[in-house]
2 protein chains.
Amino acid sequence: MSTSRVSTPRGAGRPRRVTIADIADRAGVTAAAVSLAVNGRPGVSDATRARIMDIARELDWEPSPAARALTGAPVLAVGMVLARPAEVLGNEAFFGAFVAGLQEVLSTEDYSLQMKIVESTEAEIETYRRWFGQRRVDGVVMVDLRQDDPRVPALEKLGQPALVIGGPGHHGSLPAVYVDDAVATTLLVDHMVGLGHRRIARVAGTAEFFHTAQRDRAFLDRCEELGATGVLQDAGYGAQGAAAATEGLLAEEDAPSAIIFDSDEMALAGSQVLLENGIRIPQQMAVASYEDSALARTHRPAITAIGRSAVQYGRVAATRLLEIIDADRRRPLPDAAQAATGEVRAIDPQLIVRASTAGADAG
Amino acid sequence: MSTSRVSTPRGAGRPRRVTIADIADRAGVTAAAVSLAVNGRPGVSDATRARIMDIARELDWEPSPAARALTGAPVLAVGMVLARPAEVLGNEAFFGAFVAGLQEVLSTEDYSLQMKIVESTEAEIETYRRWFGQRRVDGVVMVDLRQDDPRVPALEKLGQPALVIGGPGHHGSLPAVYVDDAVATTLLVDHMVGLGHRRIARVAGTAEFFHTAQRDRAFLDRCEELGATGVLQDAGYGAQGAAAATEGLLAEEDAPSAIIFDSDEMALAGSQVLLENGIRIPQQMAVASYEDSALARTHRPAITAIGRSAVQYGRVAATRLLEIIDADRRRPLPDAAQAATGEVRAIDPQLIVRASTAGADAG
DNA sequence: GACTGTTACTATAGCGCTCAAGTACCGGCA
DNA sequence: TGCCGGTACTTGAGCGCTATAGTAACAGTC
């Protein structure tokens, strides 16, 4: 009876948390046996295991994650830091769905997602350092990949499970998951050309993000391949910029007959401008977006868009990250294997054709 | 030298994590002294404290949260469960900003936010149970308050720090933070009446949420007080419903001259319908929304809206939750004090007048 | 009938920290 | 000189779990 203990009611305090020792006492075994039983490890008879499980359920006991973490077990949490104005999150359809996809997979593995919004990239890196330093997370998801991103070398140095969302390229030796923007671009351009458009504009968002440059290149290349004229228009960030860019396009002598916007938000702002200028969509101008959302769907006309299936994206990312975490646990050599798991996974985008491009008589 | 230990390089493994013992060794004191020093407790001289802090910084050491949690310290995490289709998150401007406000305050106190998306209310309650049972969080934020919400009694029974977002009312003995929807409604109605509108419609969202009913009542009351006619139109959820509701209003014999929508998303959808029907905003129809967002701001015409300042809302909520957690730690009697902290805090909304109502010649 | 091998456990230590109790040292004071 | 009280630590135990080594009981083997 070495594991029995005096039960100190300690006044009117909260009831003492039930621990592994309580289960062990009740089952007439030691804590170690309970540990073996609940973790599905050999060393206890089936009968004893069943008895222990029953008691645990009855007493409503669950092992303390803190105590487990102390013995080196995974903490069952992954982190994601966002270094952007928080208000932006609310506007971006992509984000919510992505998180949902992440959660869906993480939840089934009993992992939780920890999020933090910070002011700067430095603060983001510092957060990674602390999270791993304190063992608050088993791995992290890094979003908003930029060109020559300082977070990449920082995470490489930490040598901890980290997954980059974005690419291909610019993620160093880190594993990455990305939607193939080149494929997405091809889908959009091909669609427009297929409808008869010969002069196609692309209204591009923040140049800072890696995918913007990638789309630019793919766009011009594909237009050229198909013998169409690609017009590149930089719009900076958000709706404001997109509206201005659209006005700019309309003012041109040889205006395009189709515009591809970088996001749903931009496409809506652009459409608004077209409407105000009496230009009918899709009859006089075809409109499409790289990003789908409820807004794109319910807008009239509904906007043709790339269904990146952000939810699916999130699912793939979570699955991949869990694989990485798992691999990391198996072998204690960080560097070599880190590189080995640095493999990249791409998700194929799909084109969702809607009214904003359908039946256009191109000109 | 009782705390010294054999350093086992163990092959090519990851370097051993630096612990409190390393700091103690280096400083020539025991771990207990280090603990006192870093926690700002008396019992160490200023000189020793400074030395310890220096070494800790130099060795890049931070106390392990797991070990601390094991001794009863707060785990420095708060949780939020969302039981709604994840895709919705992306569309709702409110949500992102709210989370941002939460984070802003939590981060300064070194708390992190844990989120989980679940399928059902039962799963949500189960999550609370497990989070608290495993001591994964110190407190939770409960959102999307409904009428006779089963989560309220569930959380009351758990007797752990929990803050309800929404009210007033329907949150039982739990503390709550809410935006005063009655005030918001008054602001909107007064504004419309002030512009000369005498027949005002309200296009309402999901009836399930508590605030919907509250707005309904306040809307009708205020209209009556001011001698205007309030028209209530149920729209169900989202843009689709709002568009249909708007069409319904237009079809009426005695159509209103102003419409107040429950959300920005709904206002945009409604505006679209008005535009298609050749009705000019705000000349022929004034439009306003209960929810502000970048979309409402950049839409043309820009939509008059209630700036609930979701960010501020989040800040207040986080501050309040931390207070509750703190209070909970001080006294070990859960029930009585729970009720004592059950106090409620309201946030006053503001009206942001934009083009969609400005200069309307009502009638 | 002594040996080997398995199974089903127990005993003990340790993860990294905190806390309560103990001790060494020092100045002050009658 | 002896005692008191405070400061600055140390000692030891404990939080709840897991891992490793150890042991008792039993079956099988030549």
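Numbers restart at 1 for each chain; the letters A, B, ... are given by sequence-line order, proteins then strands. This structure is a prediction, so every number in the text was calculated from the model and none was measured.
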Hey, is the side chain of [X] poking within less than 4.0 Å of OP1 or OP2 on [N], counting only N and O atoms?
| X | N | result |
| --- | --- | --- |
| B:Thr48 | D:dC9 | yes |
| B:Arg68 | C:dT18 | yes |
| B:Thr30 | D:dT11 | no |
| A:Thr71 | D:dG16 | no |
| A:Ser45 | C:dC9 | yes |

For atom [atom1] of [X] and atom [atom2] of [N], their distance in whole Å:
| X | N | atom1 | atom2 | answer |
| --- | --- | --- | --- | --- |
| A:Leu36 | C:dT10 | CG | P | 10 Å |
| B:Arg51 | D:dA8 | CZ | C1' | 12 Å |
| A:Ile52 | D:dT18 | CD1 | C1' | 14 Å |
| B:Asn39 | D:dC9 | CG | P | 16 Å |
| B:Arg136 | D:dG16 | CZ | C1' | 14 Å |
| B:Arg135 | D:dC17 | CZ | C1' | 15 Å |
| B:Ile23 | C:dG16 | CD1 | C1' | 12 Å |
| A:Leu70 | D:dC15 | CG | C1' | 9 Å |

When rounded to the nearest 0.5 angstrom, what distance separates CG in B:Leu106 from CG in B:Leu322?
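Answer rounded to 0.5 Å: 5.5 Å.
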Does the pair A:Arg129/B:Asp60 count as a salt bridge with the N-to-O cut at 4.0 Å?
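Looking at A:Arg129 and B:Asp60, the cut-off is met.
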Salt-bridged, A:Asp110 to B:Arg130, with N to O below 4.0 Å?
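Looking at B:Arg130 together with A:Asp110, the answer is yes, because their closest N to O distance falls below 4.0 Å.
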Taking for each residue the nucleotide of DNA chain C with the nearest heavy atom, is it B:Ala32 or B:Ala66 whose nucleotide lies nearer the 5' end?
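Upstream on the strand: B:Ala66.
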Base, sugar-phosphate or nothing for A:Arg41? Non-hydrogen atoms, less than 4.0 Å.
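Touches sugar-phosphate only.
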Closest to side chain of A:Pro63, choosing from D:dC17, C:dC15, C:dT10:
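Nearest to the side chain of A:Pro63 among the choices is D:dC17.
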Options D:dC9, C:dG16, D:dC17, nucleotide nearest the side-chain atoms of B:Ile20:
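Of all the options, the side chain of B:Ile20 is nearest to C:dG16.
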Smallest separation among heavy atoms of B:Ala176 and B:Gly166, with atom names:
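Minimum heavy-atom separation between B:Ala176 and B:Gly166: CB-O, 3.7 Å.
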Report yes if the side chains of A:Glu104 and A:Val311 come closer than 4.5 Å at any heavy-atom pair, otherwise no.
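Counting from C-beta outward, A:Glu104 and A:Val311 do come under 4.5 Å.
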For B:Asp46 and B:Ala67, take the nucleotide of DNA chain D holding the closest heavy atom to each; which residue's nucleotide lies nearer the 5' end?
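This one resolves to B:Asp46.
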